[in-house]
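Here's the structure we're looking at; comments come further down.
A, B, ... follow the sequence lines: proteins, then strands. Residue 1 opens every chain.
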Amino acid sequence: EPEVTQTPSHQVTQMGQEVILRCVPISNHLYFYWYRQILGQKVEFLVSFYNNEISEKSEIFDDQFSVERPDGSNFTLKIRSTKLEDSAMYFCASLLLDGAYEQYFGPGTRLTVT
Amino acid sequence: TQLLEQSPQFLSIQEGENLTVYCNSSSVFSSLQWYRQEPGEGPVLLVTVVTGGEVKKLKRLTFQFGDARKDSSLHITAAQTGDTGLYLCAGARGTSYGKLTFGQGTILTVHP
């Protein structure tokens with residue numbers, strides 16, 4: 001069964017460094033999302049992306065964050081200058097569109113900022 | 001802010017018992033999805049409900065969407081130890097591709 005994949009599974013970085021989290025959505029899906037989950041808290045929406053542009057973003061998604069679909073398969077989240085509070089699980093999700101409601105999530109990347 | 005309140009937050013039961021998890025909001029959602037999440041992994045989709053009053057069954061799991069599309073419930077019949085995990089509800093407003101707002105989750109523990 002097709003699934004969303006994410007790399008790396010765990011990323012450790014120092015405060016102020018840039019990180020890029022990578023996702024490969026399900027191949028025929030057209031709508032892509034990033035969510036994050038700080039340990040012990042709710043899953044929170046960051047950004048949605050369609051047709052090579054941001055569709056919606058939350059207040060968390062400030063100028064330090066950016067997303068890109070560099071080719072036909074990858075979808076990336078970049079954090080330019082990481083802060084301690086960026087430590088969280090980051091989940092990518094994709095949706096078929098075409099009237100579908102189901103968002104399918106990847107296994108996540110655990111980001112630890114030291 | 002659209003909030004989804006899940007209750008109970010923790011549920012500890014014996015194998016064979018029935019249970020219900022609730023997901024409530026003051027907002028109307030166009031769809032509501034239930035996920036199960038294992039520690040350190042991503043949410044896995046169980047079901048999506050779209051129509052007010054809709055009931056969906058997945059083996060021993062029954063999902064219901066409220067008539068006003070503001071609330072939902074998950075009922076498990078004859079719980080098994082394999083049902084142990086974190087159950088999340090998540091709602092989308094407006095379009096079918098809108099962002100999901102998640103509840104805080106219900107941690108279910110089924111004892112043998």
Side-chain angles (χ1 to χ4, degrees), chain A residues 1-7 9-10 21 23-26 29-51 54-61 88-112, chain B residues 1-10 21 23-25 27-52 54 56 58 63 65 69 72 85-107:
Chain A
E1 188 171 320
E3 56 185 22
V4 177
T5 59
Q6 290 185 242
T7 54
S9 56
H10 191 190
L21 310 183
C23 167
V24 178
I26 295 173
H29 285 196
L30 298 177
Y31 228 94
F32 314 116
Y33 308 81
W34 284 101
Y35 293 82
R36 79 172 185 190
Q37 186 177 31
I38 295 171
L39 188 63
Q41 297 186 21
K42 293 185 186 185
V43 177
E44 302 173 285
F45 168 78
L46 291 178
V47 66
S48 59
F49 190 86
Y50 170 70
N51 202 25
I54 290 174
S55 178
E56 186 177 4
K57 60 182 181 179
S58 71
E59 60 274 9
I60 303 168
F61 194 88
M89 282 288 283
Y90 287 81
F91 297 109
C92 173
S94 70
L95 177 146
L96 176 63
L97 208 61
D98 193 25
Y101 290 84
E102 293 81 4
Q103 292 186 26
Y104 293 91
F105 282 73
T109 292
R110 179 171 298 284
L111 177 64
T112 302
Chain B
T1 304
Q2 312 124 34
L3 291 177
L4 270 176
E5 297 292 333
Q6 268 185 257
S7 61
Q9 200 172 343
F10 301 94
V21 176
C23 183
N24 296 299
S25 176
S27 302
V28 174
F29 289 93
S30 58
S31 70
L32 203 133
Q33 303 180 37
W34 285 90
Y35 292 86
R36 181 171 163 175
Q37 185 181 24
E38 300 300 328
E41 298 181 13
V44 175
L45 183 65
L46 296 174
V47 81
T48 301
V49 285
V50 176
T51 307
E54 183 175 5
K56 281 192 174 177
L58 191 67
F63 304 85
F65 203 12
R69 290 185 290 136
S72 181
L86 174 66
Y87 291 84
L88 300 168
C89 65
R93 294 191 70 195
T95 60
S96 64
Y97 45 85
K99 67 180 181 184
L100 290 177
T101 298
F102 278 80
Q104 73 269 44
T106 295
I107 297 174

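Using cut-offs of 30° and 60° for the angle between ring planes, the F102(B) and F105(A) rings count as perpendicular.
Only the backbone of A100(A) comes within contact range of chain B, with heavy atoms under 4.5 Å apart. Heavy atoms of Q37(A) lying under 4.5 Å from chain B belong exclusively to its side chain. Proximity to chain B (any heavy atom under 4.5 Å) is shown, for Y101(A), by both the backbone and the side chain. Heavy atoms closer than 4.5 Å to chain A are found in the side chain of Q33(B), but not in its backbone. The contact between L45(B) and chain A is made entirely by side chain atoms (from C-beta outward), counting heavy-atom distances below 4.5 Å. Neither the backbone nor the side chain of E38(B) has a heavy atom closer than 4.5 Å to any heavy atom of chain A. Proximity to chain A (any heavy atom under 4.5 Å) is shown, for V44(B), by neither the backbone nor the side chain. Contact annotation for Y50(A): neither backbone nor side-chain heavy atoms come within less than 4.5 Å of a heavy atom of chain B. Contacts of E56(A) with chain B are made by side-chain atoms alone, with heavy-atom separations under 4.5 Å and no backbone atom involved.
In this structure, the ring of Y33(A) has its center no less than 6.0 angstrom from the ring center of F91(A).
Ionic pairing of E44(A) and K42(A) is not present here: no N-O contact between side-chain nitrogen and carboxylate oxygen is shorter than 4.0 angstrom.
Between S30(B) and T95(B), the closest heavy-atom pair is OG-O, 3.7 Å. L46(B) and L58(B) make their closest contact through O-CD2, 3.7 Å (heavy atoms, listed as atom of the first residue, atom of the second, distance).
In the displayed structure, K57(A) atom NZ is contacted under 6.0 Å by at most 12 heavy atoms of other residues, nucleotides or ligands. Surrounding CZ of R36(B) are more than 12 heavy atoms belonging to other residues, nucleotides or ligands, all under 6.0 Å away.
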